[in-house]
Protein chains: 2
Amino acid sequence: MERGERWINEDSEFRKAYVIADGWAIRYKLLEDGRRQILNFLIPGDLVGYFSLLFSTSICTVEPLTPLVVHSFTPEKAFDAFRQSPQLAVALSWLAAQAERQLDEQLVRIGRRKATERMAHLFMEINYRLLRAGAPPQAAKHFPLTQPLLADALGMSHIHTHRTFRELIRAGLVSLDAGKVVLRDRNALSRLAGFDSSYLEQGPLPAPTREALAR
Amino acid sequence: MERGERWINEDSEFRKAYVIADGWAIRYKLLEDGRRQILNFLIPGDLVGYFSLLFSTSICTVEPLTPLVVHSFTPEKAFDAFRQSPQLAVALSWLAAQAERQLDEQLVRIGRRKATERMAHLFMEINYRLLRAGAPPQAAKHFPLTQPLLADALGMSHIHTHRTFRELIRAGLVSLDAGKVVLRDRNALSRLAGFDSSYLEQGPLPAPTREALAR
DNA sequence: CGTTCGATTGATACCTGTCAACAAGAGTGG
DNA sequence: CCACTCTTGTTGACAGGTATCAATCGAACG
């Protein structure tokens, strides 16, 4: 898939879910007057449209930010797999649950953090997720994000986003390189954001759940 | 459970999930400096802690707003039930998916709507959900919400929340009655909020998913 | 070579947060 | 029963954050 193509879940009669193999995408909602809120950024390893298999209409849009490679699966395949392996069902549920935790944090970011905190926090989250997904440490510091995208993700105007971004640059925390955001000082960013990665960590299943699953 | 008791998921060694039978609760996160973001309001019929069965640490707090009656179930019971009835597993997943749609909309509300729109939109959502859960039309217009709660849910200061609330009262859209929010003019609220209920509607499962499940 | 999009800047208005203060009611403990 | 405290609701003044408007510039694109 190419950047800019609109990959709206609602239109596809033949419903599928996807896992992103390579590239970035965004999931967003539009208001009638054009205001846009980006709900989350989708990177390799992320699940797309899993829950939308349960609804006949989609309420949001997914759009590639870069050339995108995805794996897809149908509801039939999913249920067949679940019957053979409850572990797989739990694994997919885990991914969905993880995504919901990120939504929770996105809510805190927008609702209760100040502009610079918001931006720094988002950068740290993406960095963490890229590393978790297996990106090399250097690659995990480069984001293909424009200021309008940041604005719509952080719930600010693009102009204020620009000023906030400049502030982070001036403080030496980030920089711009060929249209890409580059993290320069993750420690300082983390401190500024009050970033606590615990909501992103992948521990083992709790013992009771593990035992119940094994039976 | 009584109001004010803290019902933190993290502390309970014996992990369970819950369905609210009666009463209201909130799910929220706190920042270190005391800022609080309410992620959602929980009303009868809502699922609590379902996904947290998959994690060993909780990242948010759940707290009753009113006297609360809940049903609980353990991971073992859940998995046993799923083995007997895939339909039940899908039903629970549907509830979780529905909750995520509400999170999406909460993000749009906070990120891209103005103060009065935010408040009106939240009121409409809760009204819709109460009706969907079987509340009588009159009861579905009365919310046990205080201004500090609204503030932390809408991502605004409690003072500005007060001003915004006064504005809705002045316009005759809502009123205060014995500490409760009362909806007076749902049509006007809906119009002001730009409320579109499609994200809350419960249609049938899409055909491919239904067929895959039936096999 | 127009056109579009992103980055950038300055001026201005306004929305929103903060500070300070007080009233009223609920609950608490003496 | 009376302080006393805590929460909620309320108001005004004020500062500051943020949005909006207007405009320029460069790069990418067709």
Side-chain angles (χ1 to χ4, degrees), chain A residues 2-6 24 26 31 33-38 63-67 109-120 142-170 174-182 192, chain B residues 2-6 24 26 28 31 33-38 63-67 109-120 143-170 174-182 192:
Chain A
E2 288 305 317
R3 161 161 194 172
E5 283 184 55
R6 214 163 266 185
W24 286 51
I26 50 176
L31 298 186
D33 58 10
R35 284 178 282 182
R36 176 176 71 164
Q37 178 63 46
I38 294 179
E63 186 179 313
L65 288 183
T66 69
R109 206 151 43 207
I110 293 185
R112 282 298 179 227
R113 295 188 197 272
K114 289 183 265 192
T116 53
E117 294 173 358
R118 282 187 213 184
M119 192 174 288
H142 291 246
F143 307 157
L145 296 180
T146 66
Q147 290 178 12
L149 286 171
L150 286 172
D152 285 343
L154 299 175
M156 320 190 300
S157 73
H158 72 280
I159 300 201
H160 195 60
T161 301
H162 172 252
R163 285 194 279 252
T164 304
F165 191 55
R166 279 285 119 187
E167 199 174 327
L168 292 188
I169 291 181
R170 227 179 309 122
V174 299
S175 64
L176 255 185
D177 177 40
K180 289 193 162 192
V181 174
V182 183
L192 170 62
Chain B
E2 288 304 318
R3 162 161 193 172
E5 284 184 54
R6 215 162 266 187
W24 287 51
I26 50 175
Y28 63 85
L31 298 186
D33 58 10
R35 284 178 282 182
R36 176 175 72 164
Q37 178 63 47
I38 294 179
E63 186 179 313
L65 288 183
T66 68
R109 205 150 45 208
I110 293 185
R112 282 298 178 224
R113 294 187 198 273
K114 290 184 262 192
T116 52
E117 294 173 357
R118 281 187 213 185
M119 192 175 287
F143 307 158
L145 295 180
T146 66
Q147 290 178 13
L149 286 171
L150 286 172
D152 284 343
L154 299 175
M156 320 190 300
S157 71
H158 72 281
I159 300 206
H160 195 61
T161 301
H162 172 252
R163 285 193 284 246
T164 305
F165 191 54
R166 280 284 119 187
E167 197 174 328
L168 293 187
I169 291 181
R170 228 179 309 122
V174 300
S175 64
L176 255 186
D177 178 40
K180 288 192 163 193
V181 174
V182 183
L192 170 61

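Excluded from the calculations below are hydrogen atoms, water molecules and symmetry mates; all remaining heavy atoms, backbone and side chain alike, are included. Residue numbering restarts at 1 for every chain, and letters A, B, ... go by the order of the sequence lines.
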Where B:Pro144 and B:Leu149 come nearest, the two heavy atoms and their spacing: O-CD1, 4.3 Å
Return a table of donor-acceptor pairs under 3.5 angstrom between the side chains of residues 154-161 of chain B and protein atoms on other chains or two or more places apart.
residue  : atom : partner  : partner atom : Å
B:Ser157 : OG   : B:His160 : N            : 3.1
B:His160 : ND1  : B:Arg163 : NE           : 3.4
B:Thr161 : OG1  : B:Ser157 : O            : 2.8

- prompt: Which part of the nucleic acid, if any, lies within contact of B:Thr146, taking any heavy atom under 4.0 Å across all strands shown: a base, the sugar-phosphate backbone alone, or nothing?
  reply: sugar-phosphate
Whole-Å gap separating P (C:dT9) and NE2 (A:His158): 13 Å
task: Indicate whether OP1 or OP2 belonging to C:dA7 is found under 4.0 Å from a side-chain N or O atom of A:His162.
output: no
- request: Measure the distance from CD1 on A:Ile169 to C1' on C:dG6 and round it to the nearest whole Å.
  value: 14 Å
- request: Please work out if A:Arg166 contacts a base, only the sugar-phosphate, or nothing of the nucleic acid, heavy-atom cut-off 4.0 Å.
  value: sugar-phosphate
query: Rounded to whole angstrom units, what separation is found between the CZ atom of A:Arg35 and the C1' atom of D:dA19?
result: 12 Å
message: Treating A:Arg113 as the side-chain partner and A:Arg118 as the backbone partner, does any N or O pair qualify as donor plus acceptor under 3.5 Å?
response: no
message: Nearest to the A:Arg163 side chain among C:dA7, C:dG17, D:dT20, which nucleotide is it?
response: D:dT20
statement: When rounded to whole Å, the CZ to P distance for the pair A:Arg113 and C:dG17 reads 16 Å
- request: Under the salt bridge (Lys or Arg N to Asp or Glu O under 4.0 Å) rule, what do B:Arg35 and A:Glu117 come out as? Steps first, then yes or no, please.
  value: CA-CA 13 Å; B:Arg35 284 178 282 182; A:Glu117 294 173 358; 3.2 Å; yes
- request: Measure from CG on A:Leu176 to C1' on D:dG26 and round the result to the nearest Å.
  value: 14 Å
- prompt: Starting at CG of B:Asp152 and ending at P of C:dT16, how long is that distance when rounded to a whole Å?
  reply: 16 Å
B:Gln37 side chain to B:Asp152 backbone, donor-acceptor under 3.5 Å: yes
query: Given atom CD of A:Gln147 and atom C1' of C:dT9, what is their separation to the nearest angstrom?
result: 12 Å
query: What's the closest nucleotide to the B:Ile159 side chain, out of C:dC19, D:dT10, C:dA7?
result: C:dC19
- prompt: Between A:Arg112 and A:Gly179, who's closer to the 5' end of DNA chain C by nearest nucleotide?
  reply: A:Gly179
task: Specify the separation, in whole Å, of atom NE2 of B:His160 and atom P of D:dC14.
output: 19 Å
message: I want to confirm an ordering. Mapping B:Lys114 and B:Phe165 to their closest nucleotides on DNA chain D, which one lands closer to the 5' end?
response: B:Phe165
